[in-house]
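For reference, the structure is listed below as structure tokens.
Hydrogens, waters and symmetry mates play no part in the numbers below; they use all other heavy atoms, side chains included.
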Amino acid sequence: MSLAIGSLSEFLFGHAPRPVSCGRGLELGKGTVIPEINFTLPAMDIDEATWPEVRRLYAEMIEGVCKRAAELEAPGLLVEFETLPAMTIRPEWGREIVEILATCLHGYYEKHGLKNALRVTPNDTRDFLSPSHMRDGQYWEAMAQLFEMSAAAGADLLSIESTGGKEVCDEALRFGDLRQTIFGLAILGARDMEFLWKHLVGVCSKANIVPAGDSACAFGNTAMVLADQKFIPRVLAAVIRVASVPRSLVAYRMGAAGPSKDCAYEGPYLKAIAGVPISMEGRSSACAHLTHVGNIAQAVCDAWSNESVQQVRLLSAYAPIVSLEQLVYDCRLMNTAAAGSREDAIRLRDWLVESDAALDPQAWVLRPDVVLRIAERIATEPTPYLQTRVAARCAIEEIASAHREGRLRVSPQEIRWIAKIEREVAQLPGQESEFIDEMLATPVAEKFLPGEYGIESVASR
Amino acid sequence: MSLAIGSLSEFLFGHAPRPVSCGRGLELGKGTVIPEINFTLPAMDIDEATWPEVRRLYAEMIEGVCKRAAELEAPGLLVEFETLPAMTIRPEWGREIVEILATCLHGYYEKHGLKNALRVTPNDTRDFLSPSHMRDGQYWEAMAQLFEMSAAAGADLLSIESTGGKEVCDEALRFGDLRQTIFGLAILGARDMEFLWKHLVGVCSKANIVPAGDSACAFGNTAMVLADQKFIPRVLAAVIRVASVPRSLVAYRMGAAGPSKDCAYEGPYLKAIAGVPISMEGRSSACAHLTHVGNIAQAVCDAWSNESVQQVRLLSAYAPIVSLEQLVYDCRLMNTAAAGSREDAIRLRDWLVESDAALDPQAWVLRPDVVLRIAERIATEPTPYLQTRVAARCAIEEIASAHREGRLRVSPQEIRWIAKIEREVAQLPGQESEFIDEMLATPVAEKFLPGEYGIESVASR
Amino acid sequence: MTDLKKLHQAILDGNAKASAEETAHALVAGVDPMTIIEGTMIPAMDEVGRLFECQDYFVPELLLSGRAMKAAMQLLRPLLAKSGAQPVGRVVIGTVKGDLHDIGKNLVASMLEGGGFDVTDLGTDVSPDRFVAAIGEKNADIVCLSALLTVTMPAMKTTIEALERAGVRNKVRVLIGGAPVTLQYAREIGADGYGENANAAVALARELGKGTLRP
Amino acid sequence: MTDLKKLHQAILDGNAKASAEETAHALVAGVDPMTIIEGTMIPAMDEVGRLFECQDYFVPELLLSGRAMKAAMQLLRPLLAKSGAQPVGRVVIGTVKGDLHDIGKNLVASMLEGGGFDVTDLGTDVSPDRFVAAIGEKNADIVCLSALLTVTMPAMKTTIEALERAGVRNKVRVLIGGAPVTLQYAREIGADGYGENANAAVALARELGKGTLRP
Ligand code: B12
Ligand code: B12
Ligand code: SF4
Ligand code: SF4
Ligand SMILES: [Zn+2]
Ligand SMILES: [Zn+2]
Ligand SMILES: [Zn+2]
């Protein structure tokens, strides 16, 4: 498999080899960066009693952001609705909100010509059971139903932040155990993605809407947040980010088209390999996650997002409107630079990159040149496991050499972790089946049901 | 008087002809753009009972932003404390907060090497009496005391957003009356500024701290907010912005050194004429004011600010920390671009400019080229009144011709206002005394006490 | 009739002088005062309202037309029967204690007047006691509170409590607004309504006048 | 004594195997169990705590040292008098109903254990009833509630109400935390304390144990 993006000079914001058209006149990756806004409820219960208020709040939020987007003449607007657990467990509720949002978006397209689309992202509730049931049971049923209902109620794109493999990764992250993390990502996660995205692509093609993408948020972003709190080393979080790429790639292999999820900071890799447009977030989503990749995350985005913000009142307006305004101005800057020339777009991209890259390994692995080098290696491997193994190895190599050359600063406490990670990566078996057998023999095996990932067969081999 | 900035290629962010050193190692206008953060209380009463909680909240806010600034290795940090009325009326309260903030800032300089300074901006409470007493009475006394106390308690810079002339401008804005607005700005405002800034510069030089600057916020930003709500035309708000320049310039004539106040969107003019470093806000302050100049406001800033944000919890952290993080990333981008070459800095500046300028007359009048042209005309006039007259005239001319040439879009409803404003400007008398006599003969005279602005003499002439 | 067209235009132009002159001409020509009002002035103001609604007119134009209308009314009022038009309702409005922001409040007051309410504006920094007193004096139906500062919002609650203590709370409807205020807050402190902007304020005041409350 | 230095190092390295081995050697060599604990293991864990505090160690290292310590204790515990070290306090911890986020909660639990508390972890999505039951079963002094979603924060309040209804509210101190939670919220729902992070949680639990409450 060769990369969709052949050279650094083609690796730009706003341009993707495989653009996506969706919703009402919205185009991603065709030259213009679009703001993607996401919003959520303030602190409150969701139940029968509060449901009318929940509906009112979503109506208020969507009206607020659409109105401001029109006033600021946004080049388009992607709206993401991430459901909250109660709305997935009771999919009729989720559907009601989808309808409210879609109605408003249609109105703004017709009355104000605001190009737009609605991405619906049911939250993955399968881990409400422990150990999780990934392919049956009440949670899966309700979630699957919500996908269909959303498609019927006005969703233009479907996404999910799926959690397959999280059962083992959560503990692994706490113990800084890269091997176990890779097992969760590359063995369990990748298998679940295959199952899930086959299903999702089916739902979308029936409804003629866009299967967008998934996010390794439960892995990469958990690591990022832990690193930011100084609980785990940043070099580890950086390696885990890159190691999450093959898992997220599975969605595109199964037919997803993008734009990827904003919180999938692995996005640049997905764009390089699969050519899909990507949604990214950075300083724009400080309302949701503090970050050390605030600028570099923007460098090659096609949609630019705030991740998620609550409907709380700020001095000027509600927080979602404030986020929307900031996104629109960021997009204006990118689109203005790009309107000059390709060289200008590259210049802005490179400033975004250089302003962060040297300060944190998590930023370093998002450098477009680093991305292309590692992506190329990933693309040559045949399976998610082998791809993940090489991704982790390349990531730590890139970090180690940049550090040696004085181009990347690694804090003194983290230096010993470089060697530790190199060792762990070197010890990963060359055979997937060997790795699985080995892990199934450890207490890790108690954390999940192999059958839910379709791996009994391998284990009983 | 000739301009401090001679050509467009010297008119850059981060560089001011007269840099300012302040606080603990902080330098403004010497090549690096610095974030300026401002924060305020959430919805709550301020009284004896809540005072301990108020103190706790300020301590929490300053600790939060300093911690994050250190983590993100901000190139420096300017903190602004705008007092709330209760803290000015009872200056001991204001002093207590200054002390809390200063202590924390000193600690972060010593422990983490975070260069920083504290700007204290007592709010102008003189209009608690109606008509206002500007130079005596309990409100003036308390406010004057707070300036001295702040200087003693750790303020490194003093500012104010003074309101002299507001009594007549408030009504004028509602009625879209440019003539009356100019009377408030150029006659009353300028005289009050002279009185006030003479006093403030004295306080600062005794305490050896920096008299920073004032803001025509009560005029220009009120007009901007009204225009954003579609209550008054944007062309009018744009002209009022430019007409506020001579009033704000008075502070520098009296000895203020900058950085100007963030909310003084007239800043680029102040920099061009007086050469002082300027603090600006734009999309970064959407939390405080929505705006149509989100990018262009950043083009030539020396400090980049969020205006003000409440201590409310967002998903990631408290809102002031979120704002701080966004400012730091914005500054990183500017400083990275500038580190390349002067041409690069100019490129980024011009993208910021071009991305907004054509869409709104309020943005148009902030174009660096427009600023230099109008500033030059302002600088040749001898008095604030004549400066204001020419400022308004040039502003509407620039807008009209840009609109004629198709470079600036003016909405159809506003077009008739261009002629109306041109007419009003043309009718402004050439003699200040004539203007004053004329205005004193109208009901406007009932709104203020001429003696408080030192203008009986003129009137009784 | 040509003269009344000029009056119509004078109101649209916000020209108070011309409006008064044309009204005087009409009276001299023997036109019935009620015909002037109902046939010309009210349609003219309706037109102004429409122009404002569709964002063709700005607030200054709205206010100037209101002034022109008032100038004409000054001539007509003495000629009308005492039993004439009642105000839609009596409103007391002010910015709460500690707060000096009044531009929004003034706009609301103007719009309410334009909407036919009898408005008493207490100004800014108004203590709860002054609200209580004014309600009594003016026999108000509606009290409008404005606040722009987060630290003065709580004074809205205090004011409502003062109305309760004074025993006038159920005689009036309390309407609140200002940039930091929200519908949730209005519910929390037991206000009868929240208006996002001046237009909403008028609509809401009318609704409240009818005895229908917001959710 | 050389051997005990190795035990010290094994704990610092988070090497459970070596830690158990060195402990066994020491016991065979006749060293008194209390000497091993007080002379070596506790100082070693103090050192680990210090390294974590000054951000030299990360959580994985802290947890692995904890495991190494536990491995050694497994050999020593049977040899200690029953009257030996009491836990500092008994804690029941869980993520509230509807919420599955548990990484923060798990860290808090680990740190509390490391701090000498006896911790019962109820996991995620824990109903108020299960908290009530566990308090009875474990005779807990402290209940720790975690929530990461704004829509599950209210379940903290519901849980405290359930404790009240069950009559156990004044037997325990309630400590809450999680990203969206604030000190104000803790006060609002009548919790006894709020901890911003895992370190704060331990300090706070100790303080509460002493009967001193946060403001
Ligand atoms: C203009 C202005 C001023 C002017 C006020 C002029 C005046 N005469 O009112 C001046 C410069 C004097 C001023 C001073 C101060 N201000 Co000021 N000000 C503003 C600004 C920019 C615009 C307000 C405005 O006039 N808007 C235009 C009007 C039309 O809109 P509106 O007021 O929202 O009203 C509309 C609706 O809300 C509604 N409405 C209003 N009232 C009511 C009532 C009812 C019943 C109903 C139904 C509806 C309704 O209808 C109106 C029309 O649609 C705001 C920023 C903002 N984003 O709002 C800050 C702002 C309100 N000010 C602020 C501050 C901090 C101050 C000062 C303390 C500053 C200082 N440190 O010196 C002082 C305090 C003065 C005081 N004691 O009250 C902060 C408040 C922060 C906080 N903690 O709460 C704000 C939010 C600015 C900011 N982002 O930091 N201010
Ligand atoms: C990792 C993560 C996940 C993982 C969870 C993995 C796991 N096993 O926990 C996954 C991917 C599964 C996930 C799922 C979801 N998540 Co999530 N998640 C996060 C994320 C990125 C980090 C949380 C974390 O682990 N932090 C690291 C730990 C160490 O920090 P901590 O939890 O804050 O804990 C510390 C302190 O708070 C304190 N503490 C914690 N508990 C306690 C208790 C006591 C007593 C004390 C004293 C202290 C204390 O000490 C801890 C250590 O210092 C946050 C973002 C964020 N900024 O927090 C979002 C976040 C919490 N998730 C969010 C959302 C929306 C969801 C989903 C609904 C997403 C979806 N639509 O699919 C689902 C819901 C799942 C569910 N039913 O609960 C939102 C919440 C928004 C909202 N409305 O509330 C957040 C804020 C992300 C965002 N910005 O949008 N999520
Ligand atoms: S952390 Fe961000 S992105 Fe990840 S699941 Fe949660 S919400 Fe989705
Ligand atoms: S609007 Fe902004 S800036 Fe102006 S007085 Fe108020 S706070 Fe200060
Ligand atoms: Zn997300
Ligand atoms: Zn200001
Ligand atoms: Zn400010």
> Is it the backbone or the side chain of B:S323 that comes under 4.5 Å from a heavy atom of chain A, or both, or neither?
Replying inline: neither
> Any idea which of A:E71, A:R313, A:H292 has the most non-hydrogen atom pairs under 4.5 angstrom with chain B?
Replying inline: A:H292
>> Is it the case that the side chain of B:Q310 and the backbone of A:L315 share a donor-acceptor pair, with hydrogens and angles ignored and the cut-off at 3.5 Å?
In response: yes
>> Please classify the contact between B:D360 and chain A as side chain, backbone, both or neither, with a heavy-atom cut-off of under 4.5 Å.
In response: neither
> Is it the backbone or the side chain of B:V353 that comes under 4.5 Å from a heavy atom of chain A, or both, or neither?
Replying inline: neither
> Is there a donor-acceptor pair under 3.5 Å between the side chain of B:N221 and the backbone N or O of B:C263?
Replying inline: yes
> With chain A, which of B:D350, B:V328, B:T291 has the greatest number of heavy-atom pairs at distances under 4.5 Å?
Replying inline: B:T291
>> Tell me if a side-chain donor or acceptor on B:R409 pairs with a main-chain N or O of B:A358 at a distance below 3.5 Å.
In response: no
>> So which residue, B:V322, B:D356, B:L352, B:N295, ends up with the most heavy-atom pairs under 4.5 Å with chain A?
In response: B:N295
>> I'd like to verify something: which residue of B:V312, B:L359, B:L333, B:L290 has the highest number of heavy-atom pairs under 4.5 Å with chain A?
In response: B:L290
>> Looking only at side-chain N and O atoms, does A:Q298 offer a donor or acceptor that is under 3.5 Å from a partner on A:R349?
In response: no
> So which of A:Q326, A:E354, A:R68 has the largest heavy-atom pair count under 4.5 angstrom toward chain B?
Replying inline: A:R68
> Of all of A:V225, A:L348, A:V309, A:I321, which one pairs up most often with chain B through heavy atoms under 4.5 Å apart?
Replying inline: A:L348
> Are the side chain of B:S285 and the backbone of B:E281 linked by a donor-acceptor contact shorter than 3.5 Å?
Replying inline: no
>> Quick one: does any side-chain atom of A:S305 pair with a main-chain N or O of A:I37 as donor and acceptor, under 3.5 Å?
In response: no
>> Before you tell me yes or no, could you show the steps for B:Y58 and B:F81 under ring pair (Phe, Tyr, Trp, His ring centres under 6.0 Å), namely the whole-Å CA-CA distance, both residues' side-chain angles and the distance that decides it to 0.1 Å?
In response: CA-CA 10 Å; B:Y58 275 95; B:F81 168 43; 5.4 Å; yes
> So what's closer than 4.5 Å to chain A heavy atoms on B:K230: side chain, backbone, both or neither?
Replying inline: side chain
>> Using a 4.5 angstrom heavy-atom cutoff, name the option from A:N335, A:T40, A:D330 with the most pairs to chain B.
In response: A:D330
>> Under a 4.5 Å cutoff for heavy-atom pairs, which residue among A:A319, A:P42, A:S316, A:A337 has the most contacts with chain B?
In response: A:S316
>> Looking at A:S279, is its backbone amide N or carbonyl O close enough to the side chain of A:D302 to form a donor-acceptor pair, meaning the two atoms are under 3.5 Å apart?
In response: no
